[in-house]
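One structure, as structure tokens, below. Some questions next.
Values in this document were obtained by computation on a predicted structure and should not be read as measured data. Below, read A as the first sequence line, B as the second, and so on, with proteins coming before strands; counting in each chain starts at 1.
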Protein chains: 2
Amino acid sequence: MVTLKDIAHRANVSESTVSKALNGNENINDETRENILEIARELDYSPNYRAQALANKTTNIIGVVIPRLDRYYYTELVQHIKKRLQESNYSLILCSTDKSIKEEKKYIKNFKRGQVDGAIFTEIHEENCTALLELADKIPVIGLGNVGYVTEFAEQIPIVDSDLTEGSYRLTKYLLDLGHKNIIFIGDCEARFSGFKRAMKENDNNINDKFFRSGLDSYQEGLKLGKEIAALAKQPTAIVCMNDELAIGVITSLKKQGKKIPDDVSVCGMDNIDLSQAFTPSLTSVEVPKKAIAQKAVDIIMKFLSEENIFEGSNQILFDTELIIRNSVKKMYIQ
Amino acid sequence: MVTLKDIAHRANVSESTVSKALNGNENINDETRENILEIARELDYSPNYRAQALANKTTNIIGVVIPRLDRYYYTELVQHIKKRLQESNYSLILCSTDKSIKEEKKYIKNFKRGQVDGAIFTEIHEENCTALLELADKIPVIGLGNVGYVTEFAEQIPIVDSDLTEGSYRLTKYLLDLGHKNIIFIGDCEARFSGFKRAMKENDNNINDKFFRSGLDSYQEGLKLGKEIAALAKQPTAIVCMNDELAIGVITSLKKQGKKIPDDVSVCGMDNIDLSQAFTPSLTSVEVPKKAIAQKAVDIIMKFLSEENIFEGSNQILFDTELIIRNSVKKMYIQ
DNA sequence: CTGTTAGCGCGTTCAG
DNA sequence: CTGAACGCGCTAACAG
């Protein structure tokens, strides 16, 4: 490995002079600088990452923690985060918790030890909030999603999210306006469920919370749930799924059991992932501005890192969502 | 930040004694060890990542480079890699190149500077092979996919892949056996195209390479291609897409233009992603053992890192693929 | 069993 | 403009 020392030796100068030359320090003779740069090029020198990290107390890495790596919504989000980070020449260390509290804590710990310069957490577990606050004491931390119990920490941990309580409220309202009455909610997201509940209450409808269960969030779960739902004594006319993958799973399963979507039962999702328009029937969903969220999160961290080292302005940013009407919902009142 | 020094001070011992106690060194008095551990706990000490990295010359991080973060095949693959890595207590720094040679080179450079202990590259660009070899000189590097031009470097860079040349050969053969004659291939993967070509040649069929084009690999591209194909003078009876997302895009587009799948035209994909069975029609595809590939790649790196520091055994591992027959292909000979 | 010393590779004073 | 000296926080070799 080529080090400063090697260059210094070859150039007959001290290491510190080399360091300065390489880092664009002004106070250095043009000639010696040129010479040093020339030698560095010849030797194909590039500074040791670990040494720089220790000396500079920075890694140029941002940690991003998501629940799963193979969940569309998150990977689309991370793709946007990566793009934005790249503009500032930061790398990204991507961690998935597989929904485990313990794993999440492990990442928090690693980050605390100086593995990254800043962190973006999605879907933080309530149990880890204190640990996260301690982390936020050392490096900038942003939370995406699961606003609920994190709100109280907003001073130290800015939250960027889409207003899915409102989004799911509007979606449910849309169903109610079309004449649906027996609507069930599927998923494990508090915020989304609460929007659903608000809409249902406003119309004096009964709220079935049987399918508001932890772990209900994937295509595979949707497949299982389809059977469970088909076996229900009282069949719903519409199903609100907390995300598109769940909806696709449910529909696939219901179809296999001979149900027509949306004729027999309407199903809609949220997040509006790429494939929801390709699916048959195309999925009525709620658009989440992933790109805007990603960019905002990165921008906040970068600002903190580059400038004042303090969060400013509003620490809780909610982006609006948009109802995307497609073909997986039936109008009831026409009958 | 709490350092060894702080603990040493409190315990009235030297830093090195603390270091030993904390690292489970045998040669240390039980009493002093207990005392040190106790203090460390009190102070909530955890070693500085960057300092350890410099001193140990390791980061406990493996770099994984993929073309895109929002491509199903890769994220499923990475999810498996992560799982396996976790067993060895390694983290993963995930980099996406967005198919840019320049970005890929940037990651190689970062890795060379000591950012990671080992690296897994997928879809390596030919232009970066020399740079990659230099990297492989310092840390273990594994290549996944795009076996073609990398083969010659197999001594230094083990390759783990699925045999998709064979897989696409079998898929094409299956179509031919069902009586299809005018089959087109869509995609930008050399290996998959060559399997297609071999099957076609064996049956003395014409090979249309009009849709073997760089960049053809995504759902969005599939949507565009659907139009292009529908406008063709001579309509194909079957389309082989290099991956499932592309196939889903093509089908979605063709459907919109009034085509029936598979009655008017058969379409199949490769990779067998989760959703291909949920799609309508369910997709005939080629199963790739992602989990096995991921685990094998990690295992090779871990072995290198933990033991002999040298690659052994075969350096080019090809897993078998499996033809998954579903409902997106029509039998022609029945007519 | 413990402490001293040196070093990992780089950045940064602060004299000269 | 240059270099010596020290620090980042931890590990390792070697005395004692």
Side-chain angles (χ1 to χ4, degrees), chain A residues 1-40 43-61 109-117 138-139, chain B residues 1-40 43-61 109-117 138-139:
Chain A
M1 138 166 284
V2 185
T3 69
L4 282 189
K5 206 172 172 182
D6 299 323
I7 301 180
H9 205 77
R10 280 270 277 261
N12 262 330
V13 292
S14 74
E15 290 181 45
S16 66
T17 305
V18 177
S19 172
K20 283 171 198 157
L22 258 29
N23 290 317
N25 189 309
E26 296 291 303
N27 304 323
I28 207 163
N29 189 333
D30 281 351
E31 222 170 289
T32 52
R33 184 209 320 283
E34 285 311 321
N35 187 27
I36 289 173
L37 292 179
E38 174 61 26
I39 294 178
L43 264 43
D44 190 30
Y45 168 83
S46 56
N48 180 289
Y49 201 87
R50 297 185 290 258
Q52 264 190 343
L54 179 59
N56 291 334
K57 295 177 183 299
T58 60
T59 60
N60 267 277
I61 299 178
K109 205 165 179 183
N110 279 345
F111 291 177
K112 240 192 242 172
R113 302 208 293 131
Q115 197 182 38
V116 300
D117 294 347
K138 311 179 138 195
I139 61 171
Chain B
M1 137 166 286
V2 186
T3 69
L4 281 190
K5 206 173 173 181
D6 299 322
I7 302 181
H9 206 76
R10 280 269 277 262
N12 261 330
V13 292
S14 74
E15 290 181 44
S16 67
T17 306
V18 176
S19 172
K20 283 173 200 158
L22 258 30
N23 289 319
N25 190 310
E26 296 290 303
N27 306 321
I28 206 163
N29 189 334
D30 282 350
E31 222 170 287
T32 52
R33 185 211 318 285
E34 285 310 321
N35 185 29
I36 288 173
L37 291 180
E38 174 61 27
I39 294 178
L43 264 44
D44 190 31
Y45 168 83
S46 56
N48 181 289
Y49 200 89
R50 297 184 290 259
Q52 265 189 341
L54 180 59
N56 291 334
K57 297 180 181 299
T58 60
T59 59
N60 266 277
I61 298 177
K109 204 164 182 184
N110 280 345
F111 291 176
K112 241 192 243 173
R113 301 207 296 132
Q115 197 182 38
V116 299
D117 294 347
K138 312 180 139 196
I139 61 172

Distance test, side-chain N/O of B:Gln52 to OP1/OP2 of D:dG9, below 4.0 Å: no
Over 12 foreign heavy atoms within 6.0 Å of NZ, A:Lys138: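 Counting neighbours around NZ of A:Lys138, more than 12 heavy atoms of other residues, nucleotides or ligands fall under 6.0 Å, so yes.
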Proximity to the side chain of A:Ser14 - top-ranked nucleotide from D:dG3, C:dC8, D:dT2: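 Selected nucleotide (nearest to the side chain): D:dG3.
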Pairwise 5' ranking along DNA chain C for B:Thr32 and A:Asn56, keeping only the more 5' one: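 Here B:Thr32 is the residue nearer the 5' end.
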Atom of B:Tyr45, atom of B:Leu4 and distance for their closest heavy-atom approach: OH-CD2, 3.6 Å
Between C1' of C:dC1 and CD of B:Glu34, the distance in whole Å: 16 Å
Touch class at under 4.0 angstrom, heavy-atom based, for A:Tyr49 against every strand present: nothing
Touch class at under 4.0 angstrom, heavy-atom based, for B:Asp30 against every strand present: nothing
Contact residues, residues 18-28 of chain A to DNA chain D [heavy atom, < 4.0 Å]: A:Lys20, A:Asn27, A:Ile28
Side chains of B:Asn27 and B:Lys20 in contact at under 4.5 Å (non-hydrogen atoms): no
Beyond-backbone contact of B:Ile61 with A:Gln115, side-chain heavy atoms, under 4.5 angstrom: yes
Rounded interatomic separation in angstrom, taking CD from B:Gln115 and P from C:dG9: 17 Å
5'-most by nearest nucleotide on DNA chain D - B:Leu54 or B:Thr17: B:Leu54
OG1 on A:Thr3 to CG on A:Leu43, rounded to 0.5 Å: 9.5 Å
A:Lys5 side-chain N/O to C:dC10 phosphate OP1/OP2 under 4.0 Å: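 Indeed not, no polar side-chain atom of A:Lys5 lies that close.
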Rounded interatomic separation in angstrom, taking CZ from A:Arg113 and C1' from D:dC10: 11 Å
Atom-pair distance (OH on B:Tyr45; C1' on D:dC10), nearest Å: 7 Å
Whole-Å distance separating the CG atom of A:Asn48 from the C1' atom of C:dG7: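 Nearest whole value for this atom pair: 13 Å.
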A:Val116 and B:Tyr49, any side-chain heavy atoms less than 4.5 Å apart: no
Atom-to-atom span, CD of A:Glu15 to C1' of D:dC8 - whole angstrom: 15 Å
Shortest side-chain distance from B:Asn29, nucleotide among C:dC8, C:dT2, C:dG9: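 It is C:dT2.
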Sugar-phosphate only, base, or nothing, as touched by B:Ser16 at under 4.0 Å among non-hydrogen atoms: base
Whole-Å distance separating the NZ atom of B:Lys57 from the P atom of C:dG7: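 Result: 13 Å.
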Length of the CZ-C1' vector between A:Arg50 and C:dG11, whole Å: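 To the nearest whole Å, that distance equals 18 Å.
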Closest approach of A:Ile7 to A:Leu22 (non-hydrogen atoms, all atoms of both residues): CD1-CD2, 4.4 Å
